[in-house]
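Keep in mind that this is a model prediction, so the values were computed, not measured.
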Protein chains: 2
Amino acid sequence: MTEFPSADMAQVELVDVLRALADPVRLQIVGMLADGKPYPKGDCTMGLDLTKSTASYHFRTLRESGLTRTIVHGRTHDIQLRRDELDEKFPGLIEAVLREK
Amino acid sequence: MTEFPSADMAQVELVDVLRALADPVRLQIVGMLADGKPYPKGDCTMGLDLTKSTASYHFRTLRESGLTRTIVHGRTHDIQLRRDELDEKFPGLIEAVLREK
DNA sequence: CGAATGGTTCGACGGTTGTCGAACTATTGC
DNA sequence: GCAATAGTTCGACAACCGTCGAACCATTCG
């Protein structure tokens, strides 16, 4: 079984989180994950006109930056905003970014 | 006299602000401007190992993104974080970004 | 005026980013 | 086992980014 290791939050850098957020597609995806619950990746890209490979690239970017975690569920993957950990490390940041919607 | 027009805050996009913040040099500069007071550009890049042209590039990026305004003072330029306007448009964002220091 | 100071602009450059299609992996269900 | 489904990985590509030096512009000051 393939693994999708989450980034170690202790060494996540603000500038990298900001870079991950600084893209229209990823910002949109993060917006869909606002409530902190896990969603199938397929659902997250509905309405966004992306190829599978491009979507996969953005999911990887989000995960590696520390913004999301991936939960493998059979052949579908759920993705979840790491809300609690992010709020602890960067208080107010996610809330401020999500307010815009 | 050369002009340095500030971006129209009404049409500043969150994603562009995030992009401007998503660079170590610019994040550092913004950190120095935290109190919202104007500072000479020269002071902002002290300690950062940058050429004049690179510094100028980052200042332009910050200004065009809407993060800063430039005030020409003789042959020196003061730069100022547009704190109030940013707080109104993106509540909590700047505070969250600056907390990290 | 002429020299020094503080910045900008331009062109070039290498590295990174976002996108794609094609091939591949893994899991489900018939 | 086999086909379908959900997603990843790889290589290629164009566009963009951050950096630099050189030339330039504007202002102060002797």
TODO: Respond yes when some side-chain nitrogen or oxygen of His77(A) is under 4.0 Å from OP1 or OP2 of dT27(C), and no when none is.
DONE: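 Negative; the distance criterion is not met.
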
Open item on the list: Please tell me if Lys52(A) has a side-chain N or O lying less than 4.0 Å from either OP1 or OP2 of dT9(D).
Closed with: no

Rounded to the Å, how far apart are [X] [atom1] and [N] [atom2]?
| X | N | atom1 | atom2 | value |
| --- | --- | --- | --- | --- |
| Ile71(A) | dG7(D) | CD1 | C1' | 16 Å |
| Arg75(B) | dT27(D) | CZ | P | 11 Å |
| Asp78(B) | dG6(C) | CG | P | 13 Å |
| Leu18(B) | dC17(D) | CG | P | 15 Å |
| Phe4(A) | dT25(C) | CZ | P | 14 Å |
| Ile29(B) | dG18(D) | CD1 | P | 12 Å |
| Tyr39(A) | dG7(D) | OH | P | 16 Å |
| Phe59(B) | dT9(C) | CZ | C1' | 16 Å |

Task: Options dT28(C), dT5(C), dG7(C), nucleotide nearest the side-chain atoms of Lys41(B) - done: dG7(C)

- [ ] Following the transitive rule for hydrophobic clusters with a side-chain heavy-atom cut-off under 4.5 Å over Ile, Leu, Val, Met, Phe, Trp and Tyr, establish whether Ile79(B) and Leu98(B) coincide in one cluster.
- [x]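 Cluster IDs for Ile79(B) and Leu98(B) match.
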
Open item on the list: Please tell me whether Val97(A) and Leu48(A) are part of a single hydrophobic cluster in this structure, the criterion being side-chain heavy atoms less than 4.5 Å apart.
Closed with: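 Yes, one cluster joins them.
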
TODO: Rounded to the nearest 0.5 Å, what's the gap from CG on Leu62(B) to CZ on Arg69(B)? Could you check?
DONE: 13.5 Å

Open item on the list: Taking Arg19(B) first and then Asp16(B), would you say they form a salt bridge - that is, a charged N and a carboxylate O separated by under 4.0 Å?
Closed with: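 No, no charged N to carboxylate O under 4.0 Å.
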
Sub-3.5 Å pairs of nitrogen or oxygen atoms, protein against nucleotides 15-21 of chain C:
{"from": "dG18(C)", "atom 1": "OP1", "to": "Asp23(A)", "atom 2": "OD2", "distance (Å)": "3.4"}
{"from": "dG18(C)", "atom 1": "OP1", "to": "Arg26(A)", "atom 2": "NH2", "distance (Å)": "3.1"}
{"from": "dG18(C)", "atom 1": "OP2", "to": "Arg26(A)", "atom 2": "NH1", "distance (Å)": "3.3"}
{"from": "dG18(C)", "atom 1": "OP2", "to": "Tyr57(A)", "atom 2": "OH", "distance (Å)": "2.3"}
{"from": "dT19(C)", "atom 1": "OP2", "to": "His58(A)", "atom 2": "NE2", "distance (Å)": "2.4"}
{"from": "dC20(C)", "atom 1": "OP2", "to": "Thr51(A)", "atom 2": "OG1", "distance (Å)": "3.4"}
{"from": "dC20(C)", "atom 1": "OP2", "to": "Thr54(A)", "atom 2": "OG1", "distance (Å)": "3.1"}
{"from": "dG21(C)", "atom 1": "N7", "to": "Ser53(A)", "atom 2": "OG", "distance (Å)": "3.2"}
{"from": "dG21(C)", "atom 1": "O6", "to": "Ser53(A)", "atom 2": "OG", "distance (Å)": "3.0"}

Open item on the list: Tell me whether the count of non-hydrogen atoms from other residues, nucleotides or ligands lying under 6.0 Å of CG in Asp49(A) goes above 12.
Closed with: no

Open item on the list: Which residue is it: Leu81(B), Leu93(B), Val12(B)? I am looking for the one with a side-chain contact (heavy atoms from CB on, under 4.5 Å) to Leu86(B).
Closed with: Leu81(B)

TODO: May I ask you to say what Ser56(B) touches in the nucleic acid, namely base, sugar-phosphate or nothing, with a heavy-atom cut-off under 4.0 Å?
DONE: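 Base, at least one base atom sits under 4.0 Å.
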
TODO: Determine the minimum heavy-atom distance between His58(B) and Arg26(B), stating which atoms define it.
DONE: ND1-NH1, 3.2 Å

